[in-house]
Participant: 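Handing you this structure, nothing more for now.
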Number of protein chains: 2
Amino acid sequence: MATRRSSKSRKDQPTMHDVARVAGVSQMTVSRVMRGAGYISRNVREQVNNAAREIGYVHNRLAGGIAAYDNPLVGVVVPTLQNRVFTEVLSGISDTLSTAGLRPVFGVSEYTQEAEEELVFDLLSWRPRGLILAGLEHSEAVRRIVEQTGVRVAEIMDIDGEPMSACFGVSHTEAGRDMASHLLERGYRSFGYVASQAGHDLRATKRFEAFATCIREGGGQLIAQRTSTEASSMVVGRHLTQDILTQPDRPDAIYYANDDLAAGGLMHCMSEGLDVPGEVAIAGFNGLGFLSALPLKITTTQTPRYEIGVAAATWISAPPEAQTEKLTDKLETKLHIGETT
Amino acid sequence: MATRRSSKSRKDQPTMHDVARVAGVSQMTVSRVMRGAGYISRNVREQVNNAAREIGYVHNRLAGGIAAYDNPLVGVVVPTLQNRVFTEVLSGISDTLSTAGLRPVFGVSEYTQEAEEELVFDLLSWRPRGLILAGLEHSEAVRRIVEQTGVRVAEIMDIDGEPMSACFGVSHTEAGRDMASHLLERGYRSFGYVASQAGHDLRATKRFEAFATCIREGGGQLIAQRTSTEASSMVVGRHLTQDILTQPDRPDAIYYANDDLAAGGLMHCMSEGLDVPGEVAIAGFNGLGFLSALPLKITTTQTPRYEIGVAAATWISAPPEAQTEKLTDKLETKLHIGETT
DNA sequence: CTGAAAGCGCTAACAC
DNA sequence: GTGTTAGCGCTTTCAG
């Protein structure tokens, strides 16, 4: 009898049948052992496991998934991996899914709805148990296919809006307003704003709008605004800050779309010998760990990034029956008042 | 005729048959359109695509994979997502795979071979086109199953050893030696070493061993060594540095297993008013972006993290035939001499 | 506790 | 260019 494993191609992987033959049981028994389903006598179980190990059998979940309509995969789409914010969320997702025996398959949308849409279709082709998407804004096609397939979607990061089924995140509107209140309280009245990713970061835009409204209502003015098309970084923050501060009319305080930009701003001020917060105050968003490495503690809004990932993944891991109508899980942010405001 | 989609369960997804019926073609034609295989007339193609969109059909790659023995998945195992080093590598992997139409499925090994082993079996159950693992050290079971299944494995980060099939990374031995040479050249003779993850970071261990050997050969001495079991962070670096520097016999220079620890060390020195590098020199590893946020530029070894991911993913993406015997792709590191040595 | 039969949704191979 | 047939490797269902 010719061996099936002569050519070492992917085609020649052993199957449950091969294991069954070696173990002297039926293929069905092998299936049960592999899945830990039903009662199998200790003896048989061991025989099967040994046979599997011997011939190098690996459970084939593709076949399993197609036959059982259920496979332990979760599709995850994040805007970028270059930003700690999302890798921390991803870490929470991965840890939690892993505990539940689920695996993340993922893609990066580069902050565009078009890429997200493509990814959603692609990920859906693996018949995942659920999807995790960032933000509440998605293309029509995404909404439609989600509706049509009935796949469960956890939308993360943002809660200011209506989720497709469930969302886990913070209120950016509230965060923007809180920071504005804090700065007004401190006596600042003329403000600058620095952002990046030119409008693609919808959460930052929400924060800013709430911030601006609150500032105006509080008698303040927004006198300078700079947005880069580039990704966030300290370098970008530094440049945009320089740009704002060399104008004749300087703001008392600058609100940054995130900590990276804010840290860059601080660097600019320090190297120019500008007094912070005396001459200009600085505020960021996120509360990233590296802030503690800076010579001055930057005022920022602390966000629970890892926890957002955990919450979303926990929901996805739960049996579908546990799914309630529409769930909005608001995690709390906290204003960290540092030495820059 | 009863509709198949009454209950909205995963079982009731439309199939190619349904699309075929709506489009008025055979199921095989739908298959061809979906895969972009063979020649299909423009007309038919559009009909099929419209029908698919209309009924919300999504290509089922589980079924495709099982029938075709080929599916665009790549298993990726990283030690952690809490460390920028690996998320940057992951970013390179993701970007590159995405371009090649492949998807990463991933797991986190927490720096242990046992977890890695479990993950490898788990990921293999999706019949991935390849695997990307960190480091050259793996359990016997991993080596065996890789051998038995014939799956292609790209080992990343390290090249000081024999890869199973291909490896992409830097020489940690060389990096350790280079840093030792630099410090000796600067005149330092008594050294401290600070690490974390207590021996689980095998690459750091390789650097340290090369470093220590070189130091001894150059007439230097290693007089203090501190290792934490915790994950790397500035806080850990700060504590261990304090610990070393409050001993009666203080080293001239401290080599840190990575930049986070080194930055923590710098913070300690600054807050104690210790002159760096006058009283103690500091050197890290990786060249992470946040170093430029620090008041003093830390001497470190720059590593091409994103590029390692790109190189590994590119290799995995290439057709298997292109696979040569054993490939070692050494990417270059660069000693960045800052203001701390 | 274990086995036999049927079929999951798709693609390879070949026909027309 | 498009259709037909025969499975891919597994799980479901039902027997025993």
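Convention: sequence-line order gives letters A, B, ...; per-chain numbering from 1.
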Participant: It should be established whether A/Ser26 places a side-chain nitrogen or oxygen under 4.0 Å from OP1 or OP2 of nucleotide C/dG3.
Facilitator: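 Yes.
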
Participant: Over all strands shown, is B/Met16 touching base, sugar-phosphate only, or nothing at heavy-atom distances under 4.0 angstrom?
Facilitator: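 Here B/Met16 touches the backbone only, sparing every base.
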
Participant: Write down the distance between CG (A/Leu62) and C1' (C/dT11), rounded to a whole number of angstrom.
Facilitator: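 Atom-to-atom, A/Leu62 to C/dT11, this comes out as 14 Å.
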
Participant: Choose from C/dG7, C/dC1, D/dT2 the nucleotide whose nearest atom is closest to any side-chain atom of B/Ile40.
Facilitator: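 The answer is D/dT2.
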
Participant: Are any of A/Tyr69's side-chain N or O atoms less than 4.0 Å away from OP1 or OP2 of C/dG9?
Facilitator: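 A/Tyr69 to C/dG9 OP1/OP2: side-chain N or O found under 4.0 Å.
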
Participant: In terms of relative ring orientation, are A/Tyr111 and A/Phe86 parallel, tilted or perpendicular, with 30° and 60° separating the classes?
Facilitator: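 Ring orientation of A/Tyr111 relative to A/Phe86: perpendicular.
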
Participant: Starting from C1' on C/dC10, measure out to CH2 on A/Trp126 and report it in whole angstrom.
Facilitator: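 After rounding, the gap between these two atoms is 13 Å.
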
Participant: Any N or O donor-acceptor pair linking the side chain of A/Arg61 to the base of D/dG9 at under 3.5 Å?
Facilitator: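 Side chain to base: no pair present.
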
Participant: Checking the side chain of A/Glu155 only, and the main-chain atoms of A/Leu133 only, is there a donor and an acceptor separated by less than 3.5 Å?
Facilitator: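 No.
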
Participant: Mapping B/Ala67 and B/Val25 to their closest nucleotides on DNA chain D, which lands nearer the 5' end?
Facilitator: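 Result: B/Val25.
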
Participant: Mind checking the CZ-CG spacing from A/Arg129 to A/Asn71? Nearest 0.5 Å is all I need.
Facilitator: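 Rounded to the nearest 0.5 Å, the CZ-CG separation comes to 7.5 Å.
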
Participant: Hey, is the side chain of A/Ser41 poking within less than 4.0 Å of OP1 or OP2 on C/dT2, counting only N and O atoms?
Facilitator: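 So the side chain of A/Ser41 is within the cut-off, an N or O lying under 4.0 Å from OP1 or OP2 of C/dT2.
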
Participant: D/dT11, OP1 or OP2 - any side-chain N/O from A/Ser31 closer than 4.0 Å?
Facilitator: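 Checking A/Ser31 against D/dT11: at least one side-chain N or O falls below 4.0 Å of OP1 or OP2.
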
Participant: Closest approach to the side chain of B/Met28, judged atom by atom: which nucleotide of C/dT11, D/dT13, C/dT2 is it?
Facilitator: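 Among C/dT11, D/dT13, C/dT2, the one nearest the side chain of B/Met28 is C/dT11.
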
Participant: At under 4.0 Å, does any side-chain N or O of A/Thr29 touch on OP1 or OP2 of C/dG3?
Facilitator: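 For C/dG3, OP1/OP2 do have a side-chain N/O of A/Thr29 under 4.0 Å.
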
Participant: Taking only N and O in the side chain of A/Arg35, is any of them less than 4.0 Å away from OP1 or OP2 of D/dT12?
Facilitator: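 True: A/Arg35 side-chain N/O within range (under 4.0 Å) of D/dT12 OP1/OP2.
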
Participant: Is there a donor-acceptor contact under 3.5 Å linking the side chains of B/Ser26 and B/Thr29?
Facilitator: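 Yes, because at least one side-chain N or O of B/Ser26 sits under 3.5 Å from a partner of the opposite role on B/Thr29.
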
Participant: By the 4.0 Å heavy-atom rule, please label A/Ile66 as base, sugar-phosphate, or nothing.
Facilitator: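 Touches a base.
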
Participant: Starting at atom CE of B/Met34, determine the distance to atom P of C/dT11, rounded to an integer number of angstrom.
Facilitator: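 Taking CE of B/Met34 and P of C/dT11, I get 10 Å after rounding.
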
Participant: A/Asp70 CG to C/dC8 C1': how many Å, rounded?
Facilitator: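 My rounded result for the distance is 13 Å.
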
Participant: Rounded to the nearest Å, what distance is computed from the NE2 atom of residue A/His59 to the P atom of nucleotide D/dC10?
Facilitator: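 Distance, rounded to whole Å: 7 Å.
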
Participant: Which nucleotide, D/dG7, D/dT11, D/dT2, lies nearest any side-chain atom of B/Val44?
Facilitator: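 It is D/dT2.
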
Participant: Roughly, in whole Å, what's the span from CZ in B/Arg21 to P in D/dG3?
Facilitator: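 Atom-to-atom, B/Arg21 to D/dG3, this comes out as 15 Å.
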
Participant: Could you give the CZ-to-P distance, from B/Arg32 to C/dA12, as a whole number of Å?
Facilitator: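 For the pair B/Arg32 CZ and C/dA12 P, the rounded distance is 10 Å.
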
Participant: Report all side-chain donor-acceptor pairs from residues 99-107 of chain A shorter than 3.5 Å, counting only partners two or more places apart or in another chain.
Facilitator:
| unit_1 | atom_1 | unit_2 | atom_2 | d |
| --- | --- | --- | --- | --- |
| A/Thr99 | OG1 | A/Asp95 | O | 2.9 |
| A/Arg103 | NE | B/Asp122 | OD1 | 2.8 |
| A/Arg103 | NH1 | B/Phe106 | O | 3.4 |

Participant: Hey, does the side chain of A/His17 come within less than 4.0 Å of C/dA4's phosphate (OP1/OP2), counting only N and O?
Facilitator: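 So the side-chain polar atoms of A/His17 never come under 4.0 Å of the phosphate oxygens OP1 or OP2 of C/dA4.
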
Participant: Can a side-chain donor-acceptor contact be found between A/Gln113 and A/Ser139 if the only test is distance below 3.5 angstrom?
Facilitator: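 Absent: no donor and acceptor within the cut-off.
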
Participant: Could you check how far CG of A/Asn60 sits from C1' of D/dT11, rounded to whole Å?
Facilitator: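 The answer, rounded to whole Å, is 12 Å.
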
